[in-house]
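Computation of the quantities below employed the complete heavy-atom set of this structure, encompassing side-chain atoms and omitting hydrogens, waters and symmetry-equivalent molecules.
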Amino acid sequence: MGLQALFFYLFAFVAVASAFMVIWSKNPVHSVLFLILVFFNAAGLFLLLGAEFLAMILLVVYVGAVAVLFLFVVMMLDIDFTELRAGVLEYAPIGAIIGLILAAELIVVVGGTVISPEIAKTVAMPIPALTERTNTAALGDVLYTNYVYFFQIAGLVLLVAMIGAIVLTLKHRTHIKRQDIARQVARNPATAVEVVKVKPGQGV
């Protein structure tokens with residue numbers, strides 16, 4: 001067993017074990033910490049594949065932003081997870097169907113490469129050798145030429161999803177003062193200034 005194979009099995013075992021602990025841990029903070037460990041090991045697997053750009057993106061975006069954001073949100077918000085888990089059994093059939101569909105897709109992908117190894121040779125745009133083109137440049141060539149429209153559509157979908165999440169979670173509280181631009185623009189001297197006559201010996 002070579003050194004590369006040894007690191008592959010090490011990263012893969014820790015990643016799978018950490019992913020299992022994400023759903024097994026009862027403490028949500030521990031689940032987020034195990035998720036961060038999964039991302040680190042997945043980045044190690046990407047490095048072994050020669051995809052250093054994806055490895056750095058995984059660490060910077062997911063570990064540095066998403067996972068840390070989850071951690072701070074879980075730690076700062078007093079969420080009653082017992083109440084959230086009360087209705088889990090109601091969605092168990094739907095979750096089981098989705099899990100079976102994902103499992104079938106994985107079996108088709110893995111089984112296809114095992115049954116027909118020549119499928120990998122029929123890739124329309126194979127990855128060039130590192131001596132000819134770096135991984136980052138090759139990914140940019142494909143992403144911003146052949147799939148540039150899909151890339152823009154994905155950005156629009158994420159923008160719509162972000163706006164939808166803000167609209168759905170926005171709560172208008174009555175006891176909080178909010179800015180009303182139309183009311184401010186419509187002000188005049190009669191409504192902007194109020195003269196109060198204070199009697200002697202009394203405060204405002």
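- Residues L139 and L54 are in side-chain contact: their nearest non-hydrogen atoms beyond the backbone lie under 4.5 Å apart.
- The structure places CG of L47 at 7.5 Å from CG of L59, a figure rounded to the nearest 0.5 Å.
- Atom CG of L102 has more than 12 heavy atoms from other residues, nucleotides or ligands within 6.0 Å.
- Atom OH of Y62 and atom CD1 of I57 lie 9.5 Å apart (nearest 0.5 Å).
- Looking at I94 and I98, their side chains come closer than 4.5 Å, going by heavy atoms from C-beta outward.
- The distance from the CG atom of L35 to the CD1 atom of I23 is 12.0 Å, given to the nearest 0.5 Å.
- When the side chains of ILVMFWY residues are joined at heavy-atom separations under 4.5 Å, either directly or via intervening members, F34 and F20 end up in a single hydrophobic cluster.
- The number of heavy atoms from other shown groups lying within 6.0 Å of CD (Q4) does not exceed 12.
- Both W24 and I36 belong to a single network of hydrophobic side chains, linked directly or stepwise wherever heavy atoms of I, L, V, M, F, W or Y lie under 4.5 Å apart.
- Residue A43 comes nearest to A55 through the heavy atom pair O-CB, 3.4 Å, listed as atom of the first residue, atom of the second, then distance.
- Interatomic distance, CD1 of I153 versus OH of Y147, reported as 13.5 Å (0.5 Å rounding).
- A continuous path of ILVMFWY side-chain contacts below 4.5 Å connects V63 to M56, so both sit in one hydrophobic cluster.
- Separating the CG atom in L156 from the CZ atom in F151 is a distance of 11.0 Å, to the nearest 0.5 Å.
- Minimum interatomic distance between M21 and S31 (heavy atoms only, all atoms of both residues): O-OG, 4.5 Å.
- Shown here for S18 and V38, the closest heavy-atom pair between the two residues is CB-CG2, 3.3 Å.
- No single ILVMFWY cluster, assembled from side-chain heavy atoms under 4.5 Å apart, contains both L106 and I101.
- Using a 30° and 60° split on the angle between ring planes, F11 and F7 fall in the tilted class, from 30° to 60°.
- The hydrophobic clustering, which links ILVMFWY residues whose side-chain heavy atoms are closer than 4.5 Å, places L100 and V108 apart.
- Shortest non-hydrogen contact noted between L58 and F39 is CD2-O, 3.3 Å.
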